[in-house]
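Just so it is clear: chains get the letters A, B, ... in the order the sequence lines come, proteins before strands, and each one is counted from 1.
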Number of protein chains: 2
Amino acid sequence: MTKKTGPGGGIDLSQFLPYRIAVLARSLSEKLGAAYAGEGLTVPEWRVLAVVSQESAVAARDVVARTPMDKMAVSRAVASLEKKGLVARRPASDRRVSAIELSQEGRRISRRVADIVLRFEADIVAELTIAERDAFLTLLAKLENAADRAETRRKAIRAAE
Amino acid sequence: MTKKTGPGGGIDLSQFLPYRIAVLARSLSEKLGAAYAGEGLTVPEWRVLAVVSQESAVAARDVVARTPMDKMAVSRAVASLEKKGLVARRPASDRRVSAIELSQEGRRISRRVADIVLRFEADIVAELTIAERDAFLTLLAKLENAADRAETRRKAIRAAE
DNA sequence: TCAAAATGGTAACATATGTTACCAACTGGG
DNA sequence: CCCAGTTGGTAACATATGTTACCATTTTGA
């Protein structure tokens, strides 16, 4: 077992898995953000564009369901995309929701950013073998589930106390 | 090769590696944060504690070097830890820096949080085999390097344009 | 030796994110 | 039908994070 505690009895962050993942995630998202900074999009905005570009017209709640953003984050991203003229909101039959769809310009930007980020990813993934990439994705999924279960267990324990 | 583009020509986030990593990272950090929320620490504060508890006395710049926080983030975290009485700052020979060290209470909290987060990690890692865990850590390191190289290349290309 | 550059840190701002509470529109059981 | 509960979304706040500029020190090198 790898050493995780140091002289002071503390924890060695560099050996700590959630921390390592957080660091990698931040580094990737910074670099990726820099890659498409020229298009003037924030990360939440880009996520909304990505979801909408997949399905032509969606409600905000669908974006919430497909991304790790809460409804407030989505609401803000959509509002600012609308102000930039990249999406439009049309009333739907259920009058609580509006259908979000891409404008021409939105489609254009969305395609360009998709090119950029896919190129970036390809560039990174190129350093892994196919087997490594598959293994990594599998492990990611496993960890997602493991985290959910761990959380559930922790809550159960606290509730029982 | 896995399909990454959908009908609208957009990108399928669920197949996009940096996105998947970002989602996992957020999920882990949320759950982990919840696990030690009772101790009243933020993530940056906990990171500072972790680093300081490893080395008895460090300068803020050391924390910057060992974590993905910039100096402003560290400055704030240290200030608030000091206000809570968990660390103290003592003047050092180089009068630009102060040595940060744990108080008694700081040591206590730090140990408790270390217990909590290590338990959480163990709980998650338990769902992987040793081989899987090692493979994952190796791939993480590989991706970190790959991201750095990709970023360097991208900058070089832009500069040449 | 002493001015220019570098370093450690913080203040003061701007922006982004999370939180709570709320409203308007829908739904489902009596 | 109708009202208690749910759902989609937003406003208005609080907090957190990023940015720029700055000061005091220290280091460097002509």
Within residues 26-34 of chain B, which residues have any heavy atom lying less than 4.0 Å from an atom of DNA chain C? B:Arg26
Residue pair B:Ser80, B:Glu45: steps toward the side-chain hydrogen bond (donor to acceptor under 3.5 Å, both in side chains) verdict: CA-CA 8 Å; B:Ser80 101; B:Glu45 285 168 7; 2.4 Å; yes
Which pairs, protein N/O on one side and nucleotides 2-8 of chain C N/O on the other, fall under 3.5 Å?
{"residue": "C:dT7", "atom": "O2", "partner": "B:Arg96", "partner atom": "NH1", "Å": "2.9"}

Decide, yes or no, whether a salt bridge links B:Arg20 with A:Glu121 under the criterion of side-chain N to carboxylate O below 4.0 Å. no
May I ask you to decide whether B:Arg112 forms a salt bridge with B:Glu39, counting only side-chain N to carboxylate O separations under 4.0 Å? yes
For the residue pair B:Val113 and B:Leu49, establish whether any side-chain heavy-atom pair is separated by less than 4.5 Å. no
State whether A:Lys31 and B:Asp148 are salt-bridged, where the test is any N-O pair (Lys NZ or Arg NE/NH1/NH2 against Asp/Glu carboxylate O) under 4.0 Å. yes
With a 4.0 angstrom cut-off to heavy atoms of chain A, pull out the first and last contacting nucleotide of DNA chain D, in 5'-to-3' order. D:dT7 to D:dG18
Expected list for residues 72-90 of chain A near DNA chain C, using heavy atoms below 4.0 Å, is A:Met72, A:Arg76
side-chain contact (heavy atoms from CB on, under 4.5 Å) involving B:Glu30 - partner list, sequence neighbours excluded: B:Arg26
Looking at every non-hydrogen atom in both residues, tell me the closest pair between A:Phe16 and B:Val117 and how far apart they are. CE1-O, 3.6 Å
For B:Arg154, the salt bridge (charged side-chain N to carboxylate O under 4.0 Å, His left out) test, sequence neighbours excluded, returns B:Glu151
Checking side-chain polar atoms at under 3.5 Å, does B:Ser75 have a donor or acceptor matched by the opposite partner on B:Lys71? no
Pair A:Glu127-B:Lys142, salt bridge (charged side-chain N to carboxylate O under 4.0 Å, His left out): steps then yes or no: CA-CA 8 Å; A:Glu127 306 211 15; B:Lys142 244 185 169 167; over 6 Å; no
Under a 4.5 Å side-chain heavy-atom rule over Ile, Leu, Val, Met, Phe, Trp and Tyr, are B:Val97 and B:Val74 clustered together? no
Looking at A:Glu101 and A:Arg90, is any side-chain nitrogen of the basic one under 4.0 Å from a carboxylate oxygen of the acidic one? yes
